[in-house]
Student: 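Mind having a look at this structure? Questions to follow.
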Amino acid sequence: MKNNEQKVMLTGVRPSGNLTLGNYLGAIKNFVTRQTKYKSYIFIADLHAITSPRDPVELRVAVNDCIAMYLACGVDPEQTIVFRQSDVLEHGIMGFIMTFQTHMGELSRMTQFKLKSQNMGKNGIDTGLFVYPPLMSADILLYNTDMVPVGLDQQQHVELTRDLAQRFNKRYGDTFNEPDVYIAPVGNKILNLQNPTEKMNKSDGPNPGTIFLMDDLKLARKKIMSAVTDSESIVRFDEENKPGISNLISILAAITDDDIAAIERRFAGRGYGDFKRAVADAVCDLLADIQAKYQQFKNPAVLNAILANGAERARVVADETLSRARVALGLK
Ligand code: ATP
Ligand code: MG
C-alpha cells in the first residue's frame, strides 16, 4: 500500500499519570534515537485515557505535561509529528471500523485486559478496557506505520494490529500497511522496585516502587537504594530467581547502553550497596537532564502551537487512509 520510500515510525502514551522510567526506557528512548531515520509520529492517547472515567481538568493538564515530557526526553517537533489523538477525529471512526474486524475471543485473550479487568471494582468491567486494542490498531494503521517501538506489555496489541490489517486487506482489498513491533532488547519491561514481579505502571500513582521522570532526585535515589533484592549478594542477571537485581541491571544497561554481561563483570565481587549507588547515579543523571529540559518546554503557548501543527500534519495522512478504508468498505 506504500508508495513513499521513507519508513514510518509511531508510538504513543496514555496521559494516565506522570511518565515513568518504564515509559522512557520501554518506548520513548527507542523512539527518540530513531526519529531522524523515520517519518515519525508520536501522540498523546487521550481517547485511551477516557476508557475509564477521568477528571476533565486533570486530563487536560496531563496531556500538556506529557507533551512537555516528550520534548524534554528529546522528541524533536521539527523532525517528528507530535499530536493529540483526539484532535484527529479520524481515530474515532477508524477505531470503530477496526473494532468490527475483531473477534470477542481475541479481545478476551489480551493479557492487558485480563490483568486490568481483575482490578476493576464492583461496578463491572469498562467496555473501554475491552475495546481499546482495536482503537490502538486504528492509531497505528492510520499513518501507514512500519515500526512501533513499545514495551513488552504492548507487543500483543501490535500483533493484533497486524492480524486485523491482514484480515481487512483479505476481505476488502489491499488497504493497510502491516506494522512491525520494535521491542528493545533491554528495558522492555521495567518492574516495580518494591514488587519486582509486577510491571512499573504510571497509573499506579505515587509509590516507593515507581520512578517517575519528575521525581525529586533525592526521592528517586531513595527508591533505588531501598529496592527489593535478595540475600545472595552477587550482581547476576537471573530474572526468575533474582527479579529485583535483574530489574536494576536492566535499568542500568538500558540507560547507559551497556550490555548486561559487562555490568555483571564490573560489579563482580562488589556488594549490592555499591551496585545500587551506580544505578541511582545513572537514574539521577538521566532525571536531572530531563527535568532541566522540562522547565524550558512547559510553556502552554509553545505546547499548543506544537499540537496544532502536529494535528494538522497528522490529519492529512489519517484522512487519506480513512478514505481508502471507506472506499474499500463501500462507505464512500
Ligand atoms: P498505564 O498504567 O496507564 O497503563 P503505563 O505505564 O503502562 O500506564 P502506557 O501509556 O500504557 O503506560 O504505555 C506507554 C508505553 O510505555 C508503551 O509503549 C508501553 O509498552 C511502555 N511501557 C509502559 N510501562 C513500561 C515498563 N514498565 N517497562 C517498559 N515499557 C513500558
Ligand atoms: Mg499500560
Student: Going through the distances and angles, do Asp281 and Arg277 end up as a salt bridge (charged side-chain N to carboxylate O under 4.0 Å, His left out)?
Tutor: CA-CA 6 Å; Asp281 288 346; Arg277 267 187 292 279; over 6 Å; no
Student: Can Tyr38 be reached from Val75 by stepping across I, L, V, M, F, W or Y side chains whose heavy atoms are under 4.5 Å apart?
Tutor: yes
Student: Is Ile42 linked to Met9 within one hydrophobic cluster, defined over Ile, Leu, Val, Met, Phe, Trp and Tyr using a side-chain heavy-atom separation of less than 4.5 Å?
Tutor: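 Yes.
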Student: Strictly below 4.0 Å, N to O, side chains only: are Lys29 and Asp257 in salt-bridge contact?
Tutor: yes
Student: Compute whether any side-chain donor of one residue and acceptor of the other, for Asn247 and Ser250, lie under 3.5 angstrom apart.
Tutor: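 The criterion, which ignores hydrogens and geometry beyond distance, is not satisfied for Ser250 and Asn247.
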Student: Between Tyr143 and His91, is the gap from one ring center to the other below 6.0 Å?
Tutor: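 That pair passes the under 6.0 Å test.
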Student: Going hydrophobic residue to hydrophobic residue with side-chain gaps under 4.5 angstrom, can you get from Leu71 over to Phe212?
Tutor: no
Student: For Phe297 versus Lys293, what's the shortest heavy-atom pair and its separation?
Tutor: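 Of all heavy-atom pairs spanning Phe297 and Lys293, the closest is CD1-O, 3.1 Å.
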Student: With the threshold set at 4.0 Å, does a side-chain nitrogen-carboxylate oxygen contact exist between Asp163 and Arg167?
Tutor: no
Student: Any side-chain donor-acceptor pair under 3.5 Å between Ser86 and Asp46?
Tutor: yes
Student: If we ignore angles and hydrogens, is there a donor and acceptor under 3.5 Å between the side chains of Asp139 and Ser137?
Tutor: no
Student: Can any side-chain N or O of Asn207 pair as donor or acceptor with the backbone N or O of Gly205 at less than 3.5 Å?
Tutor: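 Answer holds: yes.
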Student: Answer yes or no: does atom CD of Glu232 have more than 12 heavy-atom neighbours from other residues, nucleotides or ligands under 6.0 Å?
Tutor: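 For Glu232, atom CD is crowded (more than 12 foreign heavy atoms under 6.0 Å).
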Student: In terms of side-chain geometry, is the basic nitrogen of Arg315 or Asp87 positioned less than 4.0 Å from the acidic oxygen of its partner?
Tutor: no
Student: For a quick check under 3.5 Å, do Asn144 and Arg324 share a side-chain donor-acceptor pair by atom type?
Tutor: yes
Student: Grab the two heavy atoms, one from Asn18 and one from Asn23, that are nearest each other, plus how far apart they are.
Tutor: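 In terms of heavy atoms, the two residues are closest at O-OD1, 4.5 Å.
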Student: The test is salt bridge (charged side-chain N to carboxylate O under 4.0 Å, His left out); show your working for Asp238 and Arg236 and say whether it passes.
Tutor: CA-CA 6 Å; Asp238 175 350; Arg236 181 168 64 80; 3.3 Å; yes
Student: Are side-chain heavy atoms of Asp146 and Asp180 found at a separation under 4.5 Å?
Tutor: no
Student: Between Gln291 (side chain only) and Ala72 (backbone N and O only), is there a donor and an acceptor less than 3.5 Å apart?
Tutor: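 Not at all, since once roles are kept as given, no pair shorter than 3.5 Å links the two residues.
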Student: Could you tell me the separation between the NZ atom of Lys242 and the CD1 atom of Ile234, rounded to the nearest 0.5 Å?
Tutor: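 Interatomic distance, Lys242 NZ to Ile234 CD1, rounded to 0.5 Å: 6.5 Å.
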Student: Salt bridge between Asp65 and Lys298, side-chain N to carboxylate O under 4.0 Å?
Tutor: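 A salt bridge is absent here (no side-chain N lies under 4.0 Å from a carboxylate O).
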Student: Ignoring hydrogens and geometry beyond distance, is a side-chain donor-acceptor pair present between Thr80 and Gln35 at under 3.5 Å?
Tutor: yes
Student: Calculate, to the nearest 0.5 Å, the distance between atoms CG and CG belonging to Leu248 and Leu193 respectively.
Tutor: 6.5 Å
Student: Quick check on the hydrophobic clustering: are Leu152 and Ile249 connected, directly or via other members, by side-chain heavy-atom contacts under 4.5 Å?
Tutor: no
Student: Indicate the atoms forming the closest heavy-atom contact of Cys73 with Val32, along with that distance.
Tutor: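 Taking every non-hydrogen atom into account, O-CG2, 3.6 Å.
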Student: Given the rule in the side chain to side chain contact (heavy atoms under 4.5 Å, CB included) test, do Phe275 and Arg270 qualify, once you have shown the distances and angles that lead to the verdict?
Tutor: CA-CA 7 Å; Phe275 171 61; Arg270 292 163 69 183; over 6 Å; no
Student: Flag this pair as yes if the NZ/CZ of Arg34 is under 6.0 angstrom from the six-membered ring centre of Tyr182 and inside a 45 degree cone about the axis; otherwise no.
Tutor: yes
Student: Can you see which heavy atom on Pro243 is nearest to which on Pro196, and at what distance?
Tutor: CB-O, 3.4 Å
Student: Kindly give the heavy-atom pair with the smallest separation between Thr161 and Pro179, and that separation in Å.
Tutor: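 In terms of heavy atoms, the two residues are closest at CG2-CG, 3.8 Å.
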Student: Determine whether the side chains of Arg109 and Gln156 contain a donor N or O and an acceptor N or O closer than 3.5 Å.
Tutor: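 Arg109 vs Gln156: no donor-acceptor pair found between side chains.
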Student: If you measure from CZ on Arg54 to CG on Leu59, what distance do you get to the nearest 0.5 Å?
Tutor: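 Going from the CZ atom of Arg54 to the CG atom of Leu59 covers 5.0 Å.
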Student: Can a donor-acceptor pair be found, under 3.5 Å and without considering hydrogens, that links the side chain of Lys223 to the backbone of Ala280?
Tutor: no
Student: Can you see whether Lys202 engages Thr210 through a side-chain donor-acceptor pair at a distance of less than 3.5 angstrom?
Tutor: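 Checked: Lys202/Thr210 side chains show no N/O donor-acceptor pair below 3.5 Å.
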Student: State, to 0.1 Å, how close Leu135 and Gly95 come at their nearest heavy-atom pair, and which atoms those are.
Tutor: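 Between these two residues, the closest heavy atoms are CD1-CA, 4.0 Å.
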Student: Nearest 0.5 angstrom please: Leu160 CG to Gln155 CD, how far?
Tutor: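 Result: 12.5 Å between the selected atoms.
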Student: With a 3.5 Å cut-off and no angle check, do the side chains of Arg60 and Asn64 form a donor-acceptor pair?
Tutor: no
Student: To the nearest 0.5 Å, what is the distance between CG on Leu287 and CG on Leu21?
Tutor: 7.0 Å
Student: Under 4.0 Å between a Lys/Arg side-chain N and an Asp/Glu carboxylate O for Asp153 and Lys189?
Tutor: no
Student: Donor-acceptor check, side chain of Thr145 to backbone of Ile140, threshold 3.5 angstrom: yes or no?
Tutor: yes
Student: To the nearest 0.5 Å, tell me how far Thr99 OG1 sits from Phe130 CZ.
Tutor: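 Rounded to the nearest 0.5 Å, the OG1-CZ separation comes to 10.5 Å.
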Student: Answer yes if Leu107 and Met98 sit in the same cluster of Ile, Leu, Val, Met, Phe, Trp and Tyr residues linked by side chain heavy atoms under 4.5 Å apart, and no otherwise.
Tutor: yes
Student: Do Phe43 and His48 have ring centres separated by under 6.0 Å?
Tutor: no
